[in-house]
Asks: 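Let me begin by handing over the structure; questions about it come next.
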Amino acid sequence: QVQLVESGGGLVQAGGSLRLSCAASGRTFSRDAMGWFRQALGKEREFVSRVSWSGAITSYADSVKGRFTISRDNAKNTVLLQMNSLKPEDTAVYYCAVHDSGSYYNFSSYKYWGQGTQVTVSS
């Protein structure tokens, strides 16, 4: 059974940092691109970042570029999202997902999802 479990969310003041982790189990994802999405209350799920299977290629939403860094450790079947200089508008539930096919920026292109971890940034 494939399972993705996110952790590392919490409450932080604006300007602070958090590091999200996504642990995958059930099978190896070392040949799959992985992504992070987020969904704020009352809003649609939006793309945050993605990393290629090797970790060599990354992409970011404009809103987080320069502040967030995605990485992966295939030996541990883990994907990380380092979030710095957090803003109140970063408040959302953050999800990791395994890419299937299609655009990396579209949530419908991903086949496995975690349950999400809440990130709240206070002003």
Asks: We want to know whether Ser85 and Arg67 form a side-chain donor-acceptor pair, criterion being a heavy-atom distance below 3.5 angstrom.
Replies: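 Looking only at side-chain atoms, Arg67 and Ser85 do not form any donor-acceptor pair under 3.5 Å.
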
Asks: Judged by atom type as modelled, is there a donor-acceptor pair below 3.5 Å linking the side chain of Thr91 to the main-chain atoms of Val121?
Replies: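 Yes; at least one donor-acceptor contact below 3.5 Å.
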
Asks: What's the spacing between Ser71 OG and Met34 CE if we round to 0.5 Å?
Replies: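 So the gap between those two atoms works out to 11.5 Å.
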
Asks: My understanding is that only residues two or more places apart in sequence, or in another chain, count here; which of them pass side-chain contact (heavy atoms from CB on, under 4.5 Å) with Thr28?
Replies: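 By the side-chain contact (heavy atoms from CB on, under 4.5 Å) rule, Thr28 matches Ser30, Asn77.
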
Asks: Just so I know, are the side chains of Val79 and Ile70 near enough to count as touching, which here means a heavy-atom distance under 4.5 Å?
Replies: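 Touching, per the 4.5 Å side-chain cut-off.
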
Asks: Which pairs with one or both residues in residues 44-93 pass ring-ring contact (aromatic ring centres under 6.0 Å, His included), sequence neighbours excluded?
Replies: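 Checked against ring-ring contact (aromatic ring centres under 6.0 Å, His included) - neighbours excluded - the pairs reaching residues 44-93 are Phe37-Phe47, Phe47-Tyr105.
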
Asks: Are there more than 12 heavy atoms of other residues, nucleotides or ligands under 6.0 Å from atom NZ of Lys65?
Replies: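 Yes, NZ of Lys65 has more than 12 neighbouring heavy atoms, counting only those of other groups under 6.0 Å.
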
Asks: Assess whether side-chain contact (heavy atoms from CB on, under 4.5 Å) is satisfied between Val48 and Leu81, documenting all intermediate values.
Replies: CA-CA 10 Å; Val48 175; Leu81 186 68; 4.2 Å; yes

Asks: Can you give me the closest heavy-atom contact between Ser49 and Ser59, atom names plus distance?
Replies: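 Between these two residues, the closest heavy atoms are OG-O, 2.9 Å.
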
Asks: Are Phe107 and Leu4 connected in the hydrophobic side-chain network, where two residues link if heavy atoms are under 4.5 Å apart?
Replies: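 No: no chain of side-chain contacts under 4.5 Å links Phe107 to Leu4.
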
Asks: Indicate the atoms forming the closest heavy-atom contact of Val51 with Thr58, along with that distance.
Replies: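 So the minimum-distance heavy-atom pair works out to CG2-CG2, 4.0 Å.
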
Asks: Glu6 side chain to Gln115 main-chain N or O, any donor-acceptor pair under 3.5 Å?
Replies: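 Between the backbone of Gln115 and the side chain of Glu6 there is a qualifying donor-acceptor contact (under 3.5 Å).
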
Asks: For Lys111, which residues count as a side-chain contact (heavy atoms from CB on, under 4.5 Å) partner, sequence neighbours excluded?
Replies: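 Partners of Lys111 by the side-chain contact (heavy atoms from CB on, under 4.5 Å) criterion, ordered by chain and then number, come out as Arg27, Asp32, Val98, Asp100.
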
Asks: My understanding is that only residues two or more places apart in sequence, or in another chain, count here; which of them pass side-chain contact (heavy atoms from CB on, under 4.5 Å) with Gln39?
Replies: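 Once residues adjacent in sequence are excluded, the partners of Gln39 under the side-chain contact (heavy atoms from CB on, under 4.5 Å) criterion are Arg45, Tyr95.
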
Asks: Taking the side chain as everything from C-beta on, heavy atoms only, tell me whether Arg50 gets closer than 4.5 Å to Tyr110.
Replies: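 Side-chain contact under 4.5 Å: yes.
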
Asks: Heavy atoms only: give me the nearest Ala40-Ala92 pair and the separation to one decimal.
Replies: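 Heavy atoms only, the tightest pair is N-CB, 3.7 Å.
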
Asks: For the ring-ring contact (aromatic ring centres under 6.0 Å, His included) test, which of Trp36, Tyr104, Tyr112, Phe29 pairs with His99?
Replies: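 Of the listed residues Trp36, Tyr104, Tyr112, Phe29, the ring-ring contact (aromatic ring centres under 6.0 Å, His included) partner of His99 is Tyr104.
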
Asks: Same hydrophobic cluster for Leu80 and Leu86, using side-chain heavy-atom links shorter than 4.5 Å among ILVMFWY?
Replies: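 Different clusters.
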
Asks: Are the charged groups of Asp90 and Lys87 less than 4.0 angstrom apart, N to O?
Replies: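 Not counted as a salt bridge, because no side-chain N and carboxylate O are separated by less than 4.0 Å.
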
Asks: For the residue pair Arg72 and Thr78, establish whether any side-chain heavy-atom pair is separated by less than 4.5 Å.
Replies: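 No - every pair of side-chain heavy atoms lies 4.5 Å or more apart.
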
Asks: For Ser122, what residues pass the side-chain contact (heavy atoms from CB on, under 4.5 Å) criterion, not counting sequence neighbours?
Replies: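 With neighbours one apart ignored, the set is Leu11, Gln13.
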
Asks: Side-chain polar contacts of residues 14-24 - donor-acceptor pairs under 3.5 angstrom, sequence neighbours left out - could you list them?
Replies:
from  : atom 1 : to    : atom 2 : distance (Å)
Ser17 : OG     : Asn84 : OD1    : 2.9

Asks: On the six-membered ring of Tyr94, is Arg38 placed so that its NZ or CZ lies under 6.0 angstrom from the centre and within 45° of the ring axis?
Replies: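 Here Arg38 fails the 6.0 Å and 45° test against Tyr94.
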
